[in-house]
Number of protein chains: 2
Amino acid sequence: MEKTSTARQRREQSLTRAQIITVAIKLLDDTGESGLTFQALSKLLATGPGAIYWHVANKSDLMTAACDAIVSRTLGTTSVDVPPEEAIRAIALELFDTIDAHPWVGGALMHAPGQLPMVRIFERIGQQLRSLDVPAGREWAAVSTLLNYILGVAGQNAANAKLAKVHDLKRSSFLEDVSAAWSKLDVNEYPFTRSVVDQLASHDDRKDFVDGIDFILRGIAAEREKMVGPEGLEPPTKRL
Amino acid sequence: MEKTSTARQRREQSLTRAQIITVAIKLLDDTGESGLTFQALSKLLATGPGAIYWHVANKSDLMTAACDAIVSRTLGTTSVDVPPEEAIRAIALELFDTIDAHPWVGGALMHAPGQLPMVRIFERIGQQLRSLDVPAGREWAAVSTLLNYILGVAGQNAANAKLAKVHDLKRSSFLEDVSAAWSKLDVNEYPFTRSVVDQLASHDDRKDFVDGIDFILRGIAAEREKMVGPEGLEPPTKRL
DNA sequence: ACCTGAACACCGTTCAAGT
DNA sequence: ACCTGAACACCGTTCAAGT
């Protein structure tokens with residue numbers, strides 16, 4: 001009944017914020033969002049719950065820090081020197097895969113608006129949009145759209161993972177439950193939903209995700225093309 | 001120190017699920033997401049915490065039910081007989097305004113994937129997309145994109161409201177904090193973010209939101225136009 | 001069938017006391 | 001400067017006991 005694995009050391013060196021974050025990530029990965037407790041954390045770190053508060057402001061601070069560690073690691077590996085639209089797709093997909101592997105990151109991302117992890121994504125996408133020559137006045141809207149879409153999918157993934165863990169641990173397809181519930185909806189009130197129930201089981205989350213990114217990118221491009229118009233003259237992009 | 005307002009009745013009639021949901025909504029509106037407790041709720045209903053569990057499975061069930069009450073009310077008022085793209089914009093805007101007025105709805109929406117409130121939105125958008133003649137194979141991707149984008153904004157609004165309440169109750173602009181933080185970022189690492197800090201204060205959340213919807217709609221339309229091609233022939237849309 | 005309310009098993013956070 | 005760990009103020013949820 002006792003976790004004999006990661007609980008050793010402590011004593012030779014003093015506790016570190018980085019150390020805490022590392023163990024927190026391990027805990028979150030192993031036991032999910034609800035598994036991160038100061039109790040469990042302090043046991044793994046062989047210390048008291050109070051000690052952690054010396055290095056970390058509170059649980060929310062810890063979550064954001066753990067999230068940022070993952071996000072910065074992910075964005076660090078993105079390839080450069082590809083066309084901007086492809087780069088954005090690559091950034092988005094890497095985020096998707098990361099959140100798929102660590103669903104709690106999705107939840108943490110959602111609950112830390114304006115915080116460092118989100119700014120990292122904002123910046124990366126913004127830079128690519130800038131080399132796409134999106135007019136200065138439309139940059140904000142374009143980045144926000146992409147970011148909010150990514151956050152929506154991220155949050156949904158996190159929620160799915162939590163539901164799957166709560167409902168029961170074995171059956172990976174709670175999709176069947178949803179599918180069954182949708183099939184019982186009134187056909188007159190929910191004609192569309194009823195007509196696409198079968199796609200619930202067959203659809204590919206990852207593919208759908210990129211499709212969404214592509215819709216947005218196409219929308220941004222379409223607006224740009226319309227603005228260049230007959231003269232082909234664009235307002236000079238604001239530098240720095 | 002005692003809430004004298006809404007605490008009366010009880011006794012003449014038995015407790016109702018609808019009654020519970022109504023009071024829960026009031027509590028959520030007045031005190032935020034963290035204000036909804038079975039303790040506070042049962043006090044307002046003049047009963048014990050255990051009584052509520054006879055009508056409601058658990059807190060998550062209650063939250064989803066409260067969320068659904070708001071969402072169904074909102075979607076019920078949407079006008080009909082407008083072009084599909086405009087209808088989608090209208091649906092999205094009504095949702096935005098609703099979530100702006102009840103930020104907790106954003107959080108509840110995010111945590112109930114596949115649940116009734118989300119299906120309502122899914123269905124409404126899906127119907128409009130169908131009258132837009134989006135090819136059957138692309139409907140799922142198109143609805144998902146719009147829905148996930150809306151969910152992203154919804155979640156962000158909820159998170160902002162929570163942060164604003166926690167940080168301090170008076171100053172409505174925690175934007176200043178974020179703005180200050182962004183201004184301290186390294187210019188070489190965060191050139192884009194630094195160049196748009198001023199837009200943080202001046203931007204209009206609601207307008208940005210519609211802009212995002214428009215990007216996506218334009219993206220969907222652009223794809224459709226490309227597919228009709230020279231022949232102008234579309235595959236017949238699957239009926240029912 | 002429906003309500004009561006004490007009790008349970010947990011939370012995050014604090015803080016006097018130690019080193 | 002940093003850690004200890006008991007204590008505090010809450011949670012959601014349960015359940016024997018009532019009507």
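Every chain is numbered from 1 and lettered A, B, ... according to where its sequence line falls, protein lines coming before strand lines. Computed from a predicted structure; not experimentally measured.
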Which nucleotide sits closest to the side chain of B:P49: D:dC3, D:dG12, C:dG5?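 Of D:dC3, D:dG12, C:dG5, C:dG5 is nearest to the side chain of B:P49.
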
Where the side chain of A:S14 is defined as all heavy atoms beyond and including C-beta, which of D:dG12, C:dT14, D:dC3 is the nearest nucleotide? D:dC3

Checking side chain to side chain contact (heavy atoms under 4.5 Å, CB included) for the pair B:L146/B:L129: CA distance, chi angles, key distance, verdict? CA-CA 10 Å; B:L146 284 162; B:L129 243 29; 4.2 Å; yes

May I ask you to say what B:L36 touches in the nucleic acid, namely base, sugar-phosphate or nothing, with a heavy-atom cut-off under 4.0 Å? sugar-phosphate

OP1 or OP2 of C:dA1 less than 4.0 angstrom from a side-chain nitrogen or oxygen of B:H55, does that happen here? no

Student check: side-chain heavy atoms of [X] and [Y] closer than 4.5 Å:
X	Y	answer
B:L62	B:L41	yes
A:Y190	B:R120	yes
A:F192	B:I125	no

Whole angstrom is fine here: how far is it from [atom1] in [X] over to [atom2] in [N]?
X	N	atom1	atom2	value
B:M63	D:dG12	CE	P	11 Å
A:L15	C:dT19	CG	P	19 Å
A:N58	C:dC15	CG	P	15 Å
A:Q19	D:dC2	CD	P	13 Å
A:W54	C:dT13	CH2	P	17 Å
B:F38	C:dA6	CZ	C1'	17 Å
B:L45	C:dT4	CG	P	10 Å
A:E33	C:dC11	CD	P	14 Å

Given the rule in the side chain to side chain donor-acceptor pair (under 3.5 Å) test, do B:E123 and A:T193 qualify, once you have shown the distances and angles that lead to the verdict? CA-CA 6 Å; B:E123 174 71 27; A:T193 307; 2.5 Å; yes

For C:dG12, what is the paired nucleotide under Watson-Crick or G-U wobble rules, both distances under 3.5 Å?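 Pairing partner: D:dC8.
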
Pair assignment for C:dC2, Watson-Crick or G-U wobble, requiring both distances under 3.5 Å: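 Partner of C:dC2: D:dG18.
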
Between C:dA16 and D:dC3, how many Å separate the two C1' atoms, rounded to a whole number? 13 Å

Mapping B:I52 and A:S34 onto DNA chain C by nearest heavy atom, which one lands closer to the 5' end? B:I52

